[in-house]
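Values below: every heavy atom of this structure, side chains too, minus hydrogens, waters and symmetry copies. Keep in mind the model is a prediction, meaning the values are calculated, not measured.
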Amino acid sequence: MGIVGVVGVLSFHEGWDVVKVIKYPLMALKHRGNGQYFIATLSNDLHAGLVNETEFKGFSGWAALACTYIDESSVGTVKCDDTTAAYCIEGQDLKPEDICSLVNEGKPPKAHSSVVALTSDGRLIGFRPSSGLRNLTLGAYGFDLAIISNETSAVNAIGGSVRRFIEPGVLVTVSRYNVEFNGVVNRDGKVCSLELIYMARPDSEVDGHSVYVFRVNLAKRIAKRIRVNVDSVVGVPETGVLYAVKVGESLCKPIELALSIIERRRSALTSEMMGKLSSIHLKVNPVVNAIRGKRILLIDDSLVSGLTIKEISQALRHRAGVKEIHVAIASPRIVKRCPYGVNMPPDEQLLANAFPNDKDLIKLLEVDSISWLQLSDLIEAAEDTGIRRGNLCVECFLSGKT
């Protein structure tokens, strides 16, 4: 199923049409989807559908669930006895009966998946798996609206405040008359490293930990890994820009905003090849006058298939005329496909897995050098942010080879 951006809103009082406000938190979550949206609303009946924009014409209600997604199987509706439930799932695949067991009995699914659902009998439900991994937050807008989302920035987008980071293993059920928490909290639940490194917005918090602060801590460690002399530092939009700014500060090198964004897209979450290439070109038009003839340090948040760095290196060298391209990656080597539902290619298409030797990677990517964050750096950055070593999932960085 994979990654989604999800928000549910329920009004406690008459007079609210929450569809008029739900589009704003959903806009804050656009980076988690592919431009397609699912909307479900509740007035007298539950009304749901797929749309291509966030105006949601023809939808209204005092409660709503909206979601942007990569895989259409992440969203839908299901009939559970006398109740119909609309749902958004983040993580691994779930069956319709898993949703019904959660909605009717409060029975959590076994998969590493979070679920946000809106039911025809007036309940907004949020469940975070016992393993942690997929985040959920309960927020409020004054005493009028309850909000459930997987990023705090979505709650903030409508002027709401975070009331509780939903703990691993907890089910929250909101109705017009009550907010109820059930389940057994797993204090050993984990946080996804990739959520912190690149998936979440920098203005979000994960379990109370600032994504921005975490990335600043990472950048300081990346800077210590750089062994080459460069003229300027350039970040790959969007996530790589923050890393570039902080690495440039640490190295006392100028930061150039030399890759102009035409349209914001997440190429790492796109599975279709032409879609990946178009996403890359739409976000990396080089500002030639800023970097021509220079030795640059190019920083990206991660290296998955390598397409982004490959396409950018060719554009910088052949179109912008840079002298040297040195790459720094703000994550350890991703050598194994996430087993918990993060969208990524199979193991054999992960570049760091297919080419464990940096010399081969440098040649393939057409760059002059490559530097990586080490796993120990990642763990230290997490600990400096307040995340215990045992609460950080690093599965995709651990090779399954023996």
Side-chain angles (χ1 to χ4, degrees), residues 31 197-198 201-202 212 215-216 218-268 270 274-331 333-334 351-352 355 358-373 377:
H31 60 289
I197 292 169
Y198 77 86
R201 287 171 54 113
Y212 178 88
R215 291 176 185 171
V216 170
L218 275 189
K220 292 176 181 177
R221 287 164 173 79
I222 299 167
K224 293 178 181 179
R225 297 287 176 182
I226 305 303
R227 299 290 185 267
V228 294
N229 192 23
V230 296
D231 299 311
S232 57
V233 183
V234 176
V236 176
E238 292 180 31
T239 317
V241 175
L242 171 58
Y243 292 119
V245 168
K246 295 304 176 181
V247 169
E249 289 176 358
S250 295
L251 298 178
C252 298
K253 295 292 183 180
I255 301 99
E256 298 289 354
L257 301 178
L259 294 172
S260 180
I261 302 174
I262 301 173
E263 182 179 338
R264 288 173 167 81
R265 292 191 180 184
R266 272 286 172 87
S267 56
T270 305
M274 286 306 297
K276 277 184 176 290
L277 291 173
S278 65
S279 295
I280 293 167
H281 287 291
L282 282 169
K283 70 178 183 180
V284 294
N285 195 37
V287 182
V288 175
N289 291 336
I291 50 178
R292 184 181 294 279
K294 292 184 178 180
R295 301 166 299 174
I296 68 163
L297 177 63
L298 179 67
I299 301 185
D300 203 1
D301 51 41
S302 59
L303 191 148
V304 182
S305 68
L307 278 174
T308 298
I309 294 297
K310 174 80 170 183
E311 292 294 315
I312 292 176
S313 68
Q314 290 180 336
L316 292 178
R317 203 178 295 277
H318 303 304
R319 289 169 54 194
V322 302
K323 185 178 180 180
E324 295 176 10
I325 303 170
H326 301 277
V327 171
I329 303 297
S331 77
R333 297 166 180 268
I334 297 176
L351 206 64
F355 296 91
D358 278 353
K359 290 183 179 180
D360 296 330
L361 270 179
I362 289 167
K363 184 176 180 180
L364 179 67
L365 296 173
E366 299 183 35
V367 298
D368 295 283
S369 72
I370 187 167
S371 302
W372 299 87
L373 195 79
D377 297 328

Legend entry - Electrostatic pair Arg225:Asp377 at N-O distance under 4.0 angstrom: yes
Legend entry - Short N-O contact, Lys294 and Glu324, less than 4.0 angstrom: no
Would you compute the distance between atom [atom1] of [X] and atom [atom2] of [Y] and round it to the nearest 0.5 angstrom?
X      : Y      : atom1 : atom2 : result
Tyr243 : Ile222 : OH    : CD1   : 6.5 Å
Ser371 : Leu297 : OG    : CG    : 7.5 Å
Leu303 : Ser331 : CG    : OG    : 7.5 Å

Side chain of [X], backbone of [Y]: donor and acceptor closer than 3.5 Å?
X      : Y      : value
Lys310 : Leu364 : yes
Ser250 : Lys220 : no
Asp301 : Tyr198 : no
Arg215 : Ile197 : yes

Of all the heavy-atom pairs spanning [X] and [Y], show the shortest one and how long it is.
X      : Y      : value
Pro202 : Leu242 : CB-CD2, 4.5 Å
Asn285 : Arg319 : OD1-NH2, 2.8 Å
Leu259 : Leu298 : CD1-CD1, 4.1 Å
Ala290 : Ala258 : CB-CB, 4.3 Å

Inset, instruction - Return the set of residues passing salt bridge (charged side-chain N to carboxylate O under 4.0 Å, His left out) with Arg221 (not counting sequence neighbours), or none when no residue passes. - result: Glu380, Asp384
Inset, instruction - Using the test salt bridge (charged side-chain N to carboxylate O under 4.0 Å, His left out), find all partners of Asp360 that sit at least two apart in sequence or belong to another chain. - result: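 Asp360: no salt bridge (charged side-chain N to carboxylate O under 4.0 Å, His left out) contacts found.
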Legend entry - Matching residue for His326 among Ile370, Ile362, Val230 - test: side chain to side chain contact (heavy atoms under 4.5 Å, CB included): Val230
Inset, instruction - Applying side chain to side chain contact (heavy atoms under 4.5 Å, CB included) between Ile226 and each of Val233, Ile299, Leu251, report the one that passes. - result: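 It is Leu251; the other options fail the test.
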Inset, instruction - Apply side chain to side chain donor-acceptor pair (under 3.5 Å) to Gln314 and list each qualifying residue two or more places apart in sequence or on a separate chain. - result: Glu366
Legend entry - Pairwise side-chain contact, Lys224 with Leu373, heavy-atom cut-off 4.5 Å (strictly under):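 Heavy-atom side-chain distance check fails, nothing below 4.5 Å.
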Inset, instruction - Would you mind telling me which of Arg295, Lys323, Lys253 makes a side-chain hydrogen bond (donor to acceptor under 3.5 Å, both in side chains) with Asp231? - result: Arg295
